S.K.: 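Following this message is one structure expressed as structure tokens.
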Amino acid sequence: MLVPMPTWKPEQLGEHTWLLATGVNVGLWEGPDGAVLIDSGGDKEAGRQIRQALDEHGWTLRLIVNTHSNADHVGGNAYLQKQTGCRVAATRLESAFITDPVLEPSFLWGALPFRELRGKFLEAKPSAVALILPEAGPIPGTALEAVPLPGHFLQMIGVLTPDGVLFAGDALFGEEILDKHPVFFLYDVAAHLSSLERLESLAVRWVVPGHGRPVPEAGALIAANRAALQRTAEAVASFCSRPSGFEEVLAELCRKFAIELNASQYVLVGGTLRAYLSWLCDRGILRPSFEGGRMLWSDG
Ligand SMILES: [Zn+2]
């Protein structure tokens, strides 16, 4: 049987820390009693490639720490857990989605998702979470530290290694990703802005975004991420200068940022738009009204 070779090689970022660039960035920290992964890639195939890299380097997988529960970050969990018996660790809210992954498309759609939303892109295979992590502080049994970075998802964390590498999950996107996807997924705009501030305050050797290349100094990338968020917020507010329904605002947003919708993009961009509407509403910039069976957003 042909065993597919990983298309990437593990890249060393610190004395004991590696990057496995599977499409989604996966971190690996060599602990004294085995390897710890930070996220696991998007699917079984990513899990297989990670397994191959582990074998080639003689690493024994002990634990997967998930930064958050999105399918592209936990998709390799089930395969790796079955193959190696490793444990999985995540924060409390994220662990609910990892244990019962139908929650992700359900959460995005707001009801039982139709079949098209139930592929591996939004719904990973279930895996068992053995260790519920605090949002901040030491990750038990390792020398790793959890850094609270909520906003992109409910209770996302970054993971900081003792040799100074911060795996930031999707609190930060690489420049090339921002160019392609200027409207990135958010659940809580205010929390995300605070997380960007937290990232700014940390002195580390490398910051690894969930998607994109690692950067030794994250200041410029943080500023680019914040600017993209502000452009989206300003656009959403401007589309409501006359009372507009959700679908109208979504259509304007897609036109402005050249977003092509399909079922998955509809729930991801739609969820993100709802996050901005909540944030603008709570700051007194927009308000909802109801007319003729429609919910309308306006700045009046
Ligand atoms: Zn992601």
Side-chain angles (χ1 to χ4, degrees), residues 8 19-28 37-47 49-50 64-80 88-91 93-98 101 103-105 107-108 117 119-125 127 146-159 165-189 191-192 195-196 199 207-215 218 221-222 224-225 228-229 232 259 262-272 275:
W8 40 266
L19 170 65
L20 282 52
T22 66
V24 167
N25 287 327
V26 171
L28 185 144
L37 284 181
I38 296 124
D39 290 337
S40 66
D43 55 12
K44 185 178 179 178
E45 182 52 33
Q49 293 189 358
I50 291 167
I64 300 170
V65 177
N66 287 129
T67 58
H68 64 300
S69 60
N70 288 174
D72 56 333
H73 296 256
V74 307
N77 280 19
Y79 173 83
L80 288 166
V88 170
T91 55
L93 290 175
E94 302 297 339
S95 79
F97 285 70
I98 296 168
L103 287 175
E104 183 179 339
F107 167 82
L108 291 168
L117 293 175
K120 68 178 182 184
F121 185 65
L122 295 179
E123 185 174 338
K125 291 263 177 295
S127 50
V147 177
L149 295 174
H152 169 80
F153 220 55
L154 291 88
Q155 216 173 9
M156 191 170 72
I157 53 167
V159 177
V165 182
L166 176 71
F167 291 93
D170 286 352
L172 205 58
F173 290 95
E175 291 271 11
E176 62 279 38
I177 309 296
L178 289 180
D179 287 346
K180 259 173 84 180
H181 305 287
V183 181
F184 48 79
F185 181 83
L186 282 183
Y187 162 74
D188 178 339
V189 178
H192 185 75
S195 291
L196 289 178
L199 283 175
V207 176
V208 185
H211 306 261
R213 294 294 302 156
V215 286
L221 189 56
I222 293 166
N225 275 262
L229 180 157
T232 307
I259 299 166
N262 54 31
S264 302
Q265 284 304 313
Y266 177 82
V267 293
L268 291 169
V269 181
T272 301

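We count ligands from 1, going down the list as the structure has it; atoms in each ligand are counted the same way. The shown structure was predicted, so the numbers you read here are calculated from the model rather than taken from an experiment. No hydrogens, no waters, no symmetry mates; every other heavy atom, side chains included, goes into these values.
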S.K.: For P101, is there any backbone N or O sitting under 3.5 Å from a side-chain donor or acceptor partner on E123?
M.R.: no

S.K.: What residues form a side-chain contact (heavy atoms from CB on, under 4.5 Å) with K44, not counting sequence neighbours?
M.R.: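 Expected list: R48, Y79.
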
S.K.: Under the ring-ring contact (aromatic ring centres under 6.0 Å, His included) rule, collect the residues that match up with F184, sequence neighbours excluded.
M.R.: F173, H192

S.K.: What protein N/O/S atoms are found closer than 2.8 Å to the Zn ion (ligand 1)?
M.R.: D72 OD2, H73 NE2, D170 OD2, H211 NE2

S.K.: Whether the side chain of D39 engages the backbone of T67 through a donor-acceptor N/O pair (distance < 3.5 Å, no angle test) should be reported.
M.R.: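 Yes, because the side chain of D39 sits within donor-acceptor range (under 3.5 Å) of the backbone of T67.
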
S.K.: What residues form a side-chain contact (heavy atoms from CB on, under 4.5 Å) with A89, not counting sequence neighbours?
M.R.: L63, V65, L131, L133

S.K.: If only atom types and distance count, is the side chain of N25 paired as donor or acceptor with the main-chain N or O of A21 below 3.5 Å?
M.R.: no

